[in-house]
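Presented below is the structure to which this report refers.
Source: prediction; values computed, not measured. Values reported hereafter were calculated over all heavy atoms of this structure, with side chains retained and with hydrogens, waters and symmetry mates removed.
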Amino acid sequence: MRHGKISAITLHVPERKVPNSYFDELYKQDIGTFLREKRNIHERYFMAENETTSDLIVPAAEKAMKQAGITAKDLDLIIVATDTPDFISPSTASVVHH
């Protein structure tokens with residue numbers, strides 16, 4: 001029987017930080033208060049036009065491997081769960097593996 005193990009958790013976000021006020025200006029009404037008070041969202045990060053989901057995953061994975069003290073050669077499987085894939089096919093996990 002084989003077992004999985006989570007050895008590290010990290011994250012990586014795009015450079016462009018967008019405050020709630022962006023939506024206030026976009027929709028010409030107070031959206032920021034709702035986002036802050038009802039959803040606990042104070043800001044979000046937008047990818048650049050040339051960035052994809054895998055562009056965010058790879059640096060996060062590299063940080064996690066470093067934190068866990070392993071390399072990519074130590075991995076048996078890469079699982080990516082996303083609602084924003086790079087392509088319909090192949091899977092984003094395949095892109096990250098490449």
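- Between Val95 and Pro90, the shortest heavy-atom contact is CG2-CG, 4.5 Å.
- Using modelled atom types, no side-chain atom of Ser54 and backbone atom of Ile57 make a donor-acceptor pair closer than 3.5 Å.
- Cluster annotation: Phe46 and Leu26 are assigned to the same hydrophobic cluster (Ile/Leu/Val/Met/Phe/Trp/Tyr, side-chain heavy-atom contacts under 4.5 Å, transitive).
- Looking at heavy atoms from C-beta onward, Asp24 lies out of side-chain contact with Gln29 at the 4.5 angstrom threshold.
- Residue Ala8 comes nearest to Ala64 through the heavy atom pair CB-O, 3.3 Å, listed as atom of the first residue, atom of the second, then distance.
- In terms of hydrophobic clustering, with Ile, Leu, Val, Met, Phe, Trp and Tyr side chains grouped at heavy-atom distances under 4.5 Å, Val58 and Leu75 are assigned to a common cluster.
- Put simply, the side chain of Met47 does not reach to within 4.5 Å of the side chain of Arg16, judged on heavy atoms.
- Pairing each heavy atom of Pro14 with each of Tyr45, the nearest pair is O-CD2, 3.2 Å.
- Under a cut-off of 6.0 angstrom, the local environment of CD1 in Ile9 is sparse, with at most 12 non-hydrogen atoms contributed by other residues, nucleotides or ligands.
- Under a hydrophobic clustering in which Ile, Leu, Val, Met, Phe, Trp and Tyr are joined whenever their side-chain heavy atoms come within less than 4.5 Å, directly or via other members, Met65 and Ile78 fall into the same cluster.
- Contact detail for His12 and Leu56: the closest heavy-atom pair is CB-O, 3.6 Å.
- Between the side chain of Glu51 and the main chain of Ala48, a donor-acceptor pair closer than 3.5 Å is present.
- A 4.5 Å side-chain heavy-atom check between Phe23 and Phe34 finds every atom pair outside the cut-off.
- Heavy atoms of other residues, nucleotides or ligands lying less than 6.0 angstrom from NE2 of His98 number 12 at most.
- How far CG of Asp74 is from OG of Ser7: 9.5 Å, rounded to the nearest 0.5 Å.
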Derivation and outcome, side chain to side chain contact (heavy atoms under 4.5 Å, CB included), residues Leu35 and Arg44: CA-CA 11 Å; Leu35 291 172; Arg44 57 189 79 211; 3.8 Å; yes
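- The closest donor-acceptor contact from the side chain of Thr53 to the backbone of Thr84 lies under 3.5 Å.
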Chi angles and distances behind the side chain to side chain contact (heavy atoms under 4.5 Å, CB included) call for Glu43, Val18: CA-CA 6 Å; Glu43 62 197 14; Val18 179; over 6 Å; no
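- Test Thr33, Ile41, Ile31 against Asn20 for side-chain contact (heavy atoms from CB on, under 4.5 Å) and you get one pass: Ile41.
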Stepwise side chain to side chain contact (heavy atoms under 4.5 Å, CB included) test for Tyr22 and Tyr27: CA-CA 9 Å; Tyr22 168 83; Tyr27 295 111; over 6 Å; no
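- The closest donor-acceptor contact from the side chain of Thr92 to the backbone of Asp86 lies under 3.5 Å.
- Put simply, Val96 and Val13 are part of two different groups of oily side chains (I, L, V, M, F, W, Y) that touch within less than 4.5 Å, one to the next.
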